[in-house]
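The structure appears right after this line, and notes come after that.
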Amino acid sequence: MARLNNKRIVLGITGGIAAYKSATLLRLLRQEGADVQVICTEQASSFIGIKTLAALSGKGVLLEFSDAETGAWNNHVALGSESDLLLIAPLTAQSMAKMAQGFCDNLLSAVYLSARCPVMIAPAMDLDMYAHPAVQRNVQHLRSDGCQLIGPEYGALASGMTGLGRMSEPEAILEAVCAHFNQASKHLKGRHVMISAGPTYEAIDPVRFISNHSSGKMGYALAEVCASLGAAVTLISGPVHLPCPAGVQRIMVKSAAEMHEACMSHRATQDFLFMAAAVADFTPAQPADGKIKKHQAPDHLILKPTRDILADLGAEKSPGQTLIGFALETEEGTEQALDKLKRKNCDFLVLNSLQHQGAGFGGDTNQVSIFAKDGSRKELPLASKTEIAQSIVEWICLNS
Ligand code: CTP
């Protein structure tokens, strides 16, 4: 499984000799599935070919605030706020000083100042420069501003000397980036996770039922991801045609009432509760004991509401439990999502909109928004249900 699927990374390259290694780093990030936008400073472009970087990233390299040929504006605020990570490798002493002081004289420094995402920096310079108190002050400054440092390493330097200042190897930078995104495994290892999935069948008589189009794929993908991160997973599943993911304890149920009962009896020991099932809201009030014959066709069916499992879990939530609801709306459902989040006492609510092509029932892809009770929100672009499940789990773990 590629480790950086769905991740949008801005790779900033500044003007030092180590910039030649940024091409390898870019290739490694792409191989792990990341979408990478390269930004070079003017100096960097004399150390590494722009065409090489464009070919490896599969998109144009950004150099200036506006494109020299077309005049198109490179929106630094959007670049800094819509990415998942700003990675600057190599970071020279000069660019480091600008960042520490808040200078904004090129596209990369403007992106840095407007970045809302985490920032990782891989400094590269000669040993005496790196040891200088001014540079060390800047390093501390950037650290306290929230930048995560990768390296530098001790070793042979371009000057011919040996010492501390060499940029970390691209493979080591890649591992640091993957470890950053894989925080979810720290949160889930050994924790208890309950997931509901699939539709429910509401009996009209012993052979007929009311149901919906849920395939269970989203809930099963969540179960697979949580189990692969070391959680003890209990999957409460309505009737679906999917195999039980490895290492998962599965409890099969049919009706909303059975799902309610299974969820309530397993809830107490759980740390995370993902309620992805499409539970029927109504059930026949009096299902017939025997098959209803054609000539006995009732002219109406009386329905009664089912119990809302999510709301009941929310009402009895214990401290430390994280409750995640799901909602499928046919309209642009932000308001309904926020209302459900509050009304059912959830910590997070994942919204699918049937308006998006490729999102929702049955298919292998999905596109969702996640709302947190603290008001933060995350949009996940269209991706496979497994990738969406990975991103949901990761974002929730990092924000809970
Ligand atoms: N849900 C539940 N029990 C029910 C109905 C829904 O636990 N009887 C859960 C679903 O598993 C999902 C969430 O509630 O996590 C939202 O489901 P949805 O059908 O969108 O919400 P409703 O409250 O039923 O609102 P409405 O149908 O009016 O949009």
Side-chain angles (χ1 to χ4, degrees), residues 193-203 209-223 226 233-240 250-267 270 272-285 303-317 321-356 359-362 366-373 380 385 388-389 392-393 395-396 400:
V193 176
M194 182 170 92
I195 297 167
S196 74
T200 60
Y201 285 2
E202 305 307 318
F209 55 81
I210 304 173
S211 190
N212 58 58
H213 293 295
S214 170
S215 64
K217 285 179 183 167
M218 197 60 234
Y220 274 61
L222 285 163
C226 292
V233 180
T234 304
L235 174 61
I236 305 203
S237 172
V240 294
R250 179 166 69 167
I251 298 165
M252 297 299 294
V253 296
K254 277 209 177 104
S255 63
E258 284 173 24
M259 190 172 273
H260 184 276
E261 151 96 59
C263 288
M264 296 315 278
S265 63
H266 285 83
R267 106 200 128 75
Q270 307 298 331
F272 291 86
L273 305 122
F274 289 88
M275 292 296 105
V279 188
D281 288 326
F282 302 100
T283 191
L303 300 173
K304 63 173 186 188
T306 57
R307 292 180 69 177
D308 193 314
I309 306 167
L310 184 63
D312 285 356
L313 290 170
E316 296 185 25
K317 194 166 63 171
Q321 257 181 355
T322 303
L323 180 62
I324 303 108
F326 287 71
L328 184 75
E329 306 289 351
T330 47
E331 318 285 319
E332 186 42 75
T334 305
E335 253 175 58
Q336 285 101 316
L338 292 172
D339 175 58
K340 275 178 202 171
L341 176 79
K342 205 165 160 203
R343 195 159 36 86
K344 303 195 186 190
N345 196 23
C346 296
D347 299 287
F348 297 93
L349 195 120
V350 180
L351 170 70
N352 293 272
S353 169
L354 275 184
Q355 278 189 332
H356 292 130
F361 285 134
N366 211 354
Q367 176 173 356
V368 305
S369 314
I370 314 175
F371 299 87
K373 72 171 177 206
L380 300 178
K385 285 188 173 166
I388 292 286
I392 290 174
V393 168
W395 198 78
I396 286 175
S400 59

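We count ligands from 1, going down the list as the structure has it; atoms in each ligand are counted the same way.
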**Intermediate values then yes/no, side chain to side chain contact (heavy atoms under 4.5 Å, CB included), Lys254 and Thr200** = CA-CA 5 Å; Lys254 277 209 177 104; Thr200 60; over 6 Å; no
**Request:** For salt bridge (Lys or Arg N to Asp or Glu O under 4.0 Å), just list the numbers for Arg307 and Glu261, CA-CA rounded to whole Å, side-chain angles, deciding distance to a tenth of an Å, and then say yes or no.
**Result:** CA-CA 10 Å; Arg307 292 180 69 177; Glu261 151 96 59; over 6 Å; no
Present, as a list of atom pairs with distances to 0.1 Å, all nitrogen or oxygen contacts under 3.5 Å between ligand 1 and the protein.
residue  : atom   : partner : partner atom : Å
ligand 1 : 3 (N)  : Ile309  : N            : 3.0
ligand 1 : 7 (O)  : Ile309  : N            : 3.3
ligand 1 : 7 (O)  : Leu310  : N            : 2.8
ligand 1 : 8 (N)  : Thr306  : OG1          : 3.2
ligand 1 : 8 (N)  : Arg307  : O            : 3.1
ligand 1 : 11 (O) : Met275  : O            : 3.3
ligand 1 : 11 (O) : Ala277  : O            : 2.7
ligand 1 : 14 (O) : Lys344  : NZ           : 3.0
ligand 1 : 15 (O) : Met275  : O            : 2.7
ligand 1 : 15 (O) : Phe326  : N            : 2.9
ligand 1 : 15 (O) : Phe326  : O            : 3.1
ligand 1 : 20 (O) : Lys340  : NZ           : 2.7
ligand 1 : 21 (O) : Lys340  : NZ           : 3.2
ligand 1 : 23 (O) : Lys344  : NZ           : 2.6
ligand 1 : 24 (O) : Asp281  : OD1          : 3.0
ligand 1 : 24 (O) : Asp281  : OD2          : 3.1
ligand 1 : 25 (O) : Lys340  : NZ           : 3.4
ligand 1 : 27 (O) : Asp281  : OD2          : 3.1
ligand 1 : 29 (O) : Lys340  : NZ           : 2.9

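By the 4.5 Å heavy-atom criterion applied to side chains, Ile392 and Met218 are counted as neighbours.
Partners of Lys342 under the side chain to side chain donor-acceptor pair (under 3.5 Å) rule, at least two apart in sequence or in another chain, do not exist in this structure.
Looking at Gln367, its side chain never comes within 3.5 Å of a backbone N or O of Asn352 through a donor-acceptor pair.
Residues Phe282 and Glu202 share a closest heavy-atom pair of O-CG, 3.6 Å.
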